Chemist: 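One structure coming up, written as structure tokens, with questions to follow.
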Amino acid sequence: LFSPKLFWARRPAILGCAAERKGAVKETEMEEACKALSGKKEVNDDSEAQVPLVSGDSGCSVVTYLGLDPTSVPAEPVVDFAAASKEQETSAMPAPVKMEIAVPTSDWDRSKPFVAHGPSGPINVQLPQDAVPGSKLICKLAPKPEYRIRVPPEARPGGTIRIPKKNGEEIDVVVPPGLQPGDTFDVFPPALMVRVPDNAKPGDYVVFRKDGSSRKKELFRARVPEGCQPWDHFSAILPPPGRPE
């Protein structure tokens with residue numbers, strides 16, 4: 001089955017960063033990160049911390065880069081509206097999406113996707129093997145995470161952690177509620193979850209609107225990835241803020 005599918009929601013676990021280290025970090029930056037984790041470096045009153053980006057667990061890393069989702073595709077702003085009018089239009093939802101799924105009361109083939117009723121029509125859902133007939137489950141539709149962040153000692157829920165990306169850009173990440181120092185949480189790229197329409201096949205372009213907007217500048221297109229079939233969802237990564245659309 002194509003990934004990402006519907007991933008079952010759960011509270012972020014306290015995880016170690018096991019990704020392979022791919023690049024060195026300047027010694028001064030690493031020292032700053034270690035000071036922050038040891039509590040020796042104070043964080044501003046507004047709980048904003050700037051930390052270096054690393055590719056693996058150095059023993060005191062705050063941010064681990066997990067890499068881009070190989071199953072995602074770029075969302076391209078539509079510039080040729082005449083050509084786009086000949087492509088299939090479909091629905092898209094800003095990721096992540098959480099929805100309640102009713103497990104069928106009768107037995108079903110657990111090796112195959114279950115067809116559920118989504119906000120824009122039927123959707124394929126891979127139910128867990130231990131799903132109880134007649135119960136309800138909360139599922140999450142999202143791309144794979146791009147970063148894993150360990151909450152620094154002085155950070156608190158609602159506070160901001162600033163991450164320098166490898167391309168020189170910076171992103172601000174808000175610490176989710178309920179997390180404690182040492183806990184980890186995942187950061188997902190800005191994406192839309194695009195539903196594969198009835199007659200689309202891998203390699204076809206589909207057209208969709210961002211946030212349900214009717215404005216032409218919010219119209220995007222993306223190629224259906226290999227392995228997708230009608231009623232699946234795939235993640236389309238949005239262009240970075242500030243990039244011309």
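Nothing here was measured: the structure is a model prediction, and the numbers come from that model.
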Chemist: In this structure, would Val175 and Val187 fall into the same cluster of hydrophobic residues linked by side-chain contacts under 4.5 Å?
Modeler: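 They do share one cluster, since a chain of ILVMFWY contacts under 4.5 Å joins Val175 to Val187.
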
Chemist: With a 4.5 Å heavy-atom cut-off, do Glu146 and Asp69 have their side chains touching?
Modeler: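 Sidechains of Asp69 and Glu146: no contact.
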
Chemist: Would you sort out whether Thr90 and Val196 count as a side chain to side chain contact (heavy atoms under 4.5 Å, CB included), showing the intermediate values?
Modeler: CA-CA 7 Å; Thr90 188; Val196 180; over 6 Å; no

Chemist: For the atom pair CD (Glu100) and SG (Cys139), what is the distance rounded to the nearest 0.5 Å?
Modeler: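 One finds 9.5 Å between CD of Glu100 and SG of Cys139.
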
Chemist: For Pro230, is there any backbone N or O sitting under 3.5 Å from a side-chain donor or acceptor partner on Asn124?
Modeler: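 Yes, the answer is positive, given that a donor and an acceptor are paired below the 3.5 Å cut-off.
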
Chemist: Working to the nearest 0.5 angstrom, can you tell me the gap between Thr160 OG1 and Ile171 CD1?
Modeler: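 Interatomic distance, Thr160 OG1 to Ile171 CD1, rounded to 0.5 Å: 11.5 Å.
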
Chemist: Between Val63 and Tyr147, which heavy-atom pair has the shortest distance, and what is it?
Modeler: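 Heavy atoms only, the tightest pair is CG1-CD2, 3.9 Å.
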
Chemist: Taking C-beta and beyond as the side chain, do Thr184 and Arg150 meet within less than 4.5 Å on heavy atoms?
Modeler: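 Yes - at least one pair of side-chain heavy atoms lies under 4.5 Å apart.
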
Chemist: So if you build clusters from Ile, Leu, Val, Met, Phe, Trp, Tyr with side-chain heavy-atom gaps below 4.5 Å, do Val73 and Phe208 land together?
Modeler: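 Yes, it is one cluster - the side chains of Val73 and Phe208 are joined through contacts under 4.5 Å.
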
Chemist: Any side-chain to backbone donor/acceptor pair from Arg221 onto Val207? Under 3.5 Å, distance only.
Modeler: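 Absent.
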
Chemist: Should Ile123 and Met99 count as side-chain neighbours, where that means a heavy-atom distance under 4.5 Å?
Modeler: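 Side-chain contact under 4.5 Å: yes.
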
Chemist: Drop me the distance from Asp183's CG to Ile149's CD1, to the nearest 0.5 angstrom.
Modeler: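 If I round to the nearest 0.5 Å, the distance is 13.0 Å.
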
Chemist: Taking Arg209 first and then Glu218, would you say they form a salt bridge - that is, a charged N and a carboxylate O separated by under 4.0 Å?
Modeler: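 No.
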
Chemist: Heavy atoms only: give me the nearest Ala83-Asp80 pair and the separation to one decimal.
Modeler: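 Heavy atoms only, the tightest pair is N-OD1, 3.1 Å.
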
Chemist: Grab the two heavy atoms, one from Met93 and one from Pro119, that are nearest each other, plus how far apart they are.
Modeler: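 Nearest heavy atoms, Met93 then Pro119: SD-CG, 3.5 Å.
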
Chemist: Is there a path from Val115 to Val97 through hydrophobic residues (I, L, V, M, F, W, Y) whose side chains come within less than 4.5 Å of each other?
Modeler: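 No, Val115 and Val97 fall in different hydrophobic clusters.
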
Chemist: With side chain to side chain contact (heavy atoms under 4.5 Å, CB included) as the criterion, how do Val194 and Phe220 come out once you've worked through the C-alpha distance, each side chain's angles and the decisive distance to 0.1 Å?
Modeler: CA-CA 11 Å; Val194 182; Phe220 292 85; over 6 Å; no

Chemist: Is there side-chain contact between Trp231 and Arg195, with heavy atoms separated by less than 4.5 Å?
Modeler: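 A side-chain contact exists here, since the closest heavy-atom pair is under 4.5 Å.
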
Chemist: Taking the side chain as C-beta and beyond, is there a heavy-atom pair between Phe234 and Thr71 under 4.5 Å?
Modeler: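 No, too far: nothing below the 4.5 Å cut-off.
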
Chemist: Hydrophobic clusters here meaning ILVMFWY residues chained together by side-chain heavy-atom distances under 4.5 Å, can you tell me if Leu66 and Ile237 are in one?
Modeler: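 Looking at the clustering, Ile237 is in a separate group from Leu66.
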
Chemist: Could you state the interatomic distance from CG (Asp204) to CD (Glu87), rounded to the nearest 0.5 Å?
Modeler: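 Separation between the atoms: 9.0 Å.
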
Chemist: Indicate yes or no: at least one non-hydrogen side-chain atom of Pro104 is less than 4.5 angstrom from one of Phe114.
Modeler: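 Contact flag for Pro104/Phe114 side chains = yes.
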
Chemist: Looking at CG of Leu137 and CD1 of Ile101, how far apart are the two atoms once the value is rounded to the nearest 0.5 Å?
Modeler: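 Result: 8.5 Å between the selected atoms.
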
Chemist: Does Val173 share a hydrophobic cluster with Val62, counting links as ILVMFWY side-chain heavy atoms below 4.5 Å and allowing steps through other members?
Modeler: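 Same hydrophobic cluster.
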
Chemist: Please report the interatomic distance OG(Ser91) to CE(Met193), rounded to the nearest 0.5 Å.
Modeler: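 Taking OG in Ser91 and CE in Met193, the distance rounds to 11.5 Å.
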
Chemist: Quick check: closest heavy atoms across Ala155 and Pro181, and the distance to 0.1 Å?
Modeler: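 Smallest interatomic distance, heavy atoms only, reads O-CG, 4.3 Å.
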
Chemist: With the side chain counted from C-beta on, respond yes when Val103 and Trp108 share a heavy-atom pair under 4.5 Å apart, and no when they do not.
Modeler: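 Side-chain contact under 4.5 Å: yes.
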
Chemist: Heavy atoms only: give me the nearest Gln180-Val151 pair and the separation to one decimal.
Modeler: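 Between these two residues, the closest heavy atoms are O-CB, 3.6 Å.
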
Chemist: Between Pro94 and Leu192, is any pair of side-chain heavy atoms under 4.5 Å apart?
Modeler: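 Heavy-atom side-chain distance check passes, below 4.5 Å.
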
Chemist: So, for Pro113 and Gln126, which heavy atoms are closest and what is the spacing to 0.1 Å?
Modeler: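 The answer is N-OE1, 3.7 Å.
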
